[in-house]
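Just the heavy atoms: all of them, side chains too, but no hydrogens, waters or symmetry mates, feed the values below. Counting begins at 1 with the first residue of the sequence.
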Amino acid sequence: MKGQIFSGAQPTGNLHLGNYLGAIKQWVALQEEYDCIFCIVDMHAITITQNADELRHNTREIAATYIAAGIDPKKNIIYNQSMVKQHAELAWILGCNTPMGWLSRMTQFKDKAGKNRDNAMLGLFSYPVLMAADILLFNTSHVPVGEDQKQHLELAREIATSFNHHYKTEAFVVPEPLIKQEAARVMSLRDGTEKMSKSAESDLSRINLSDDAETIAKKFKKAKADMEFDGIFYDKEKRPEISNLLTIYAALADISIRQAATQFAKSGNGDFKQSVADLAVEKLSPITNEVKHLMNDVAYLDSILKDGAEKAAEKAEKNLKTIKDIIGFVYF
Ligand code: AMP
Ligand code: TRP
């Protein structure tokens, strides 16, 4: 039997190069080997205040990006989370089996809630429980994500294990993370010690998948890079920004960081940045153009989401019933 993949991205703004190299590019390769479900996690998105029109737009744009990047909607299930109510149902059940202490340790919650924790929303706190529900709902064997999701995945594993133990069952498959080492953490172009993120203030810090060729070239040209060394080499401590650019180049070219470093060993910063920009434009432009094209056909995108949601709901309901039986819920 093929393994089951589940992964997702939040429709909270433009997807960027980090999302692409850390997650989506992997998904495209995995669809050959696994049964795959790729979700647009709109229920996760509302843990931070969203504008309704933007949320709707972003949900469709993410669906378009998955397809444009090469995920085949005929072979895989693509849908938005809120269309499948079993996510919320299982999240409640798991929430009744997750100690608050486990959630208090989540670094993402600490970062996002900031100092004033009492004012943080319950949904932001319980977010990892919903994420565990997403994964456990489908007997997922593998979860391909970037490194920032590692802690949430470990929690999902703990929740699955403790539920199985408590109810003396093996109902939940304990999922394995798939974190591709090379591009697991793409860093900001302005600060090589911060990860590239949708929410960073400076747009120059990230390459959005919607950026045109000129913008991509400009952003790489302006990317921070040290001046005190000759040639290009990888050293994350001494040269975080150049090392990040090498990582990006290697991931885009499907070569190792070592190979990329050899290729540019004698280059100057300017030439090297130009090569990274050229390759990024070459690889990303077809995706960007296809996203634009698909966004003109909302009816098509919606038909994919609807079809995906129906298929996902059928699988989810079957698994949820098993859990309801174990717990002792009466259902008809
Ligand atoms: P998000 O946009 O936060 O929903 O993330 C979607 C996917 O992209 C997740 O698997 C993240 O781990 C991954 N991701 C986000 N930012 C980065 C980054 N800077 N480098 C690598 N992967 C990332
Ligand atoms: N929390 C993930 C992120 O912010 C998105 C996500 C939600 C997810 N549910 C998931 C990823 C389940 C993998 C599996 O990137």
Inset, instruction - Go through the steps to decide whether D226 and R239 satisfy the test side chain to side chain contact (heavy atoms under 4.5 Å, CB included), and finish with yes or no. - result: CA-CA 7 Å; D226 52 67; R239 311 186 75 183; 2.9 Å; yes
Inset, instruction - If the plane angle is over 60° it's perpendicular, under 30° parallel, otherwise tilted; pick one for F233 and F229. - result: perpendicular
Legend entry - Within one Ile-Leu-Val-Met-Phe-Trp-Tyr cluster: L130 and Y79, side-chain cutoff 4.5 Å: no
Inset, instruction - Among F138, Y167, F163, find the residue that satisfies the ring-ring contact (aromatic ring centres under 6.0 Å, His included) test when tested with F172. - result: F163
Inset, instruction - Would you indicate whether the side-chain heavy atoms of I323 and F329 approach each other to under 4.5 Å? - result: no
Inset, instruction - Could you tell me whether R185 and D148 make a salt bridge, using a distance below 4.0 angstrom between a side-chain N and a carboxylate O? - result: no
Inset, instruction - Flag yes if L204 and L189 sit in one hydrophobic cluster, no otherwise; membership is Ile, Leu, Val, Met, Phe, Trp, Tyr, and two members link when side-chain heavy atoms are under 4.5 Å apart. - result: no
Legend entry - Within-4.5 Å side-chain heavy-atom neighbours: T12 and N58: no
Inset, instruction - Consider only side-chain N and O atoms of H57 and E54, and report whether a donor and an acceptor are under 3.5 Å apart. - result: no
Inset, instruction - Could you tell me whether D211 and K219 make a salt bridge, using a distance below 4.0 angstrom between a side-chain N and a carboxylate O? - result: yes
Inset, instruction - Identify the two heavy atoms, one from E176 and one from R157, that lie closest to each other, and give their separation to 0.1 Å. - result: OE2-NH1, 3.5 Å
Legend entry - Residue pair I78 / I37, side-chain heavy-atom distance below 4.5 Å: no
Inset, instruction - For D72 and Q31, work out which heavy atoms get closest and say how close. - result: N-OE1, 3.0 Å
Legend entry - Distance-only donor-acceptor check, side chains D325 and Y331, under 3.5 Å: yes
Legend entry - Any side-chain donor near an acceptor of the partner, H44 and Q81, under 3.5 Å: yes
Inset, instruction - Please report the closest heavy-atom contact between Y249 and A260, naming both atoms and the distance. - result: CD2-CB, 4.0 Å
Legend entry - Heavy-atom check, side chain of L15 versus side chain of K198, under 4.5 Å: yes
Inset, instruction - State which residues pass salt bridge (Lys or Arg N to Asp or Glu O under 4.0 Å) with K75; sequence neighbours excluded, sorted by chain then number. - result: E32
Inset, instruction - Say whether S210 and N14, considering side chains only, have a donor N or O and an acceptor N or O under 3.5 Å apart. - result: yes
Inset, instruction - Taking the side chain as every heavy atom from C-beta outward, state whether K318 and T322 have any atom pair closer than 4.5 Å. - result: no
Legend entry - Within-4.5 Å side-chain heavy-atom neighbours: D134 and V41: yes
Inset, instruction - State yes or no: do I287 and V186 share one hydrophobic cluster built from I, L, V, M, F, W and Y residues joined by side-chain heavy-atom distances below 4.5 Å, directly or via other members? - result: yes
Inset, instruction - Determine whether F38 and L153 fall in the same hydrophobic cluster, where Ile, Leu, Val, Met, Phe, Trp and Tyr are linked whenever their side-chain heavy atoms lie under 4.5 Å apart. - result: no
Inset, instruction - Verify the distance criterion only: is there a donor paired with an acceptor across the side chains of D212 and T215 at less than 3.5 Å? - result: yes
Inset, instruction - Mark yes or no for whether S126, through its side chain, and V129, through its backbone, hold a donor-acceptor pair below 3.5 Å. - result: no
Legend entry - D42-S82 side chain donor-acceptor pair, cut-off 3.5 Å: yes
Legend entry - Exercise: identify the closest heavy-atom pair between S141 and V173: CA-CG1, 4.3 Å
Inset, instruction - Taking all heavy atoms of A280 and all of F220, pick out the closest pair and write down the distance. - result: CB-CE1, 3.6 Å
Legend entry - Within-4.5 Å side-chain heavy-atom neighbours: M106 and Y127: no
Legend entry - Heavy-atom donor-acceptor pair, N244 side chain to M187 backbone, under 3.5 Å: yes
Inset, instruction - Indicate if L136 and I5 have the same hydrophobic cluster label, given that clusters are the connected sets of ILVMFWY residues with side-chain heavy-atom separations under 4.5 angstrom. - result: no
Inset, instruction - State whether a side-chain donor-acceptor pair under 3.5 Å links Q259 with T262. - result: no
Legend entry - Sub-4.5 Å side-chain heavy-atom contact between L284 and I207: yes
Legend entry - Main-chain N/O of D35 paired with Q4 side-chain donor or acceptor, under 3.5 Å: yes
Legend entry - side-chain hydrogen bond (donor to acceptor under 3.5 Å, both in side chains) between Q151 and T107, intermediate numbers included: CA-CA 8 Å; Q151 197 186 29; T107 50; 3.1 Å; yes
Legend entry - Step-by-step side chain to side chain contact (heavy atoms under 4.5 Å, CB included) determination, R190 to R206: CA-CA 8 Å; R190 304 302 295 166; R206 64 185 156 257; over 6 Å; no
Legend entry - Closest contact, heavy atoms only, F6 versus C39: CZ-CB, 3.5 Å
